[in-house]
Q: 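Dropping the structure in here first, questions after.
Numbering of ligands and ligand atoms starts at 1, following listing order. Just so you know, residue 1 is the first one in the sequence shown, and it goes up from there.
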Amino acid sequence: MTGTAPTSFPIVRHWIDGKPHDAVAERVGHVYDPATGEVSKQVAFASSSDVDRAVSAATAAFASWRHSSLAKRSKILFAFREIVSDRASELAGIVTSEHGKVLSDALGEVNRAIEVIEFACGIPQLLKGGFSEEVSNQVDVYSIRQPLGPVGIITPFNFPAMVPCWFFPIAIACGNSVVLKPSEKDPSASVWFAERWAEAGLPEGVFNVVHGDKVAVDRLLEHPGVKAISFVGSTPIARYVYENGTRSGKRVQALGGAKNHMVVLPDADLDLAADAAVNAGFGSAGERCMAISALVVVEPVADELVSKIKERMATLKVGDGRREVDMGPLVTEAHRDKVAGYLDAGVESGAELVVDGRGAAVDGAESGFWLGPSLFDHVGTDMSIYNDEIFGPVLSVVRVSTYEAALALVNDNPYGNGTAIFTNDGGAARRFQNEVEVGMVGINVPIPVPVSYYSFGGWKSSLFGDSHAHGTEGVHFYTRGKVVTSRWLDPSHGGINLGFPQSS
Ligand code: NAD
């Protein structure tokens, strides 16, 4: 929701050139506390000229930041890591208050964010190039990687701390400057990071935050001063960002939506599989891009597995994430209503609604954006609950009779973010990891989010571009390679030769 700024709510401001941008915003959005359903803050929405200001600050800062020594950069990164780590629970509280996920889950997200900062602390090692001596007479060749310039980072609502951290610590460590456009639904974590960067001694203008919507995103995509874009969000917007960003000559990585399948073979440990399905289906109210949404069960174990899942679901407590509960609210009322609409659609299309989350008891304010965990069985592949990314606490069981049929379902799906297989047969698991067309695979692990020194990213409609996030692919994305061929003359230099250079 947008409008002109009234004065009664605190305003989340842009952060430009090392300080909050205090000009009055022409447009603002509401930030809700999803557990109470009430507006808690307003967020300034950037105009094109606000984005231009942030890019100018980033451009000016880049001129000297790119020449800062690796020793200085890693010192600042280590300081930033210490500050974020000391105040991790404060950041988790901010995440819960705007996103709704339970505090322990928010802290888990923050810890995964810190792991990427730790990876970036190793930048001197990560930027080492190659060197070959004497490739020809008195000629040496070496490779170096250099930063790109100001880069734009655009992130979704579901991990307001972790997803921005997939990118900005590495971009900055590589010598770039950043303009971050976080989700307008939970913008405060990004500003919190900006304040911590300032405390860690990062020069002004290296890290900037602009808030808002399509206006800010479009300006970042077309601005000639922005050299690369990292995006995470839904598939239609990821495609749009990739097409428009590359059209204006930028390097783009755009991570999109998902529909993650968990395959359960008949020999699996069904208790382990039931725990995993519940954790991965309903953690963070299903608002994870790696959430399990479709449970593909190879018969004859579906009846037993469904009953184990149902038993476990009965123990889940839904409520305000600041209390002792398992699952919080959904992020907005509109999103909650959209997800609830899929429960009607599933019933209408003939699936069996084994657990209906609309009736869940809630430990929290009546007006929170609640929806309890829901389970469908006998889901068909023609149904919208199977085909759409629901992005809520709804798990669909699809029954198949063979491993081949299960694999075909995963591979026919347009998304390819994450998947998992549950089995005690090492050969079957190994075959699955080889044959499945998905970027991140779990073997008896339901949410296979790679650690920071590997790279995160899906296949097919879950990623547009060539580079995955963080790990060495992240370093590669935020740098350009250069190869230098050098010859320091000695008295025997060789005179004129118009032929193509060759080794001798
Ligand atoms: P979203 O696509 O609505 O928004 C993502 C970002 O794009 C936000 O910053 C938003 O302000 C901006 N945006 C929204 N509409 C836009 C438009 N028309 N033009 C330009 N910019 C626009 O996504 P969301 O609802 O915030 O997040 C949930 C989605 O993100 C899910 O689809 C989820 O699967 C996906 N996601 C993917 C990954 C991954 O790694 N692949 C990780 C997290 C989330």
Q: Under 3.5 Å, is there a donor on one side chain and an acceptor on the other for Gln253 and Ser467?
A: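 No donor-acceptor contact under 3.5 Å links the two side chains.
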Q: Would you please indicate yes or no on a ring centroid separation below 6.0 angstrom for His261 and Tyr415?
A: no
Q: Which salt bridge (Lys or Arg N to Asp or Glu O under 4.0 Å) pairs, counting each pair once, include a residue from residues 216-241, with sequence neighbours left out?
A: Asp52-Arg219, Lys214-Asp218, Arg219-Glu222
Q: If the threshold is 4.0 Å, N to carboxylate O, is there a salt bridge linking Arg399 and Asp377?
A: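 Salt bridge flag = yes for Asp377 with Arg399.
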Q: According to salt bridge (Lys or Arg N to Asp or Glu O under 4.0 Å), who are the partners of Lys250, at least two apart in sequence or on a separate chain?
A: none
Q: For a quick check: using heavy atoms under 4.0 Å, what are the residues in contact with ligand 1, sorted by chain and number?
A: Ile154, Thr155, Pro156, Phe157, Asn158, Trp166, Lys181, Pro182, Ser183, Glu184, Gly212, Lys214, Val217, Phe231, Val232, Gly233, Ser234, Ile237, Leu255, Gly256, Gly257, Ala258, Cys289, Glu389, Phe391, Asn417, Phe456
Q: Throw together a table of side-chain donor-acceptor distances under 3.5 angstrom for residues 336-346, partners on residues two or more places apart or in other chains.
A:
unit_1	atom_1	unit_2	atom_2	d
Arg336	NH1	Trp370	O	3.3
Tyr342	OH	Asp388	OD2	2.7
Asp344	OD1	Arg358	NH1	2.6

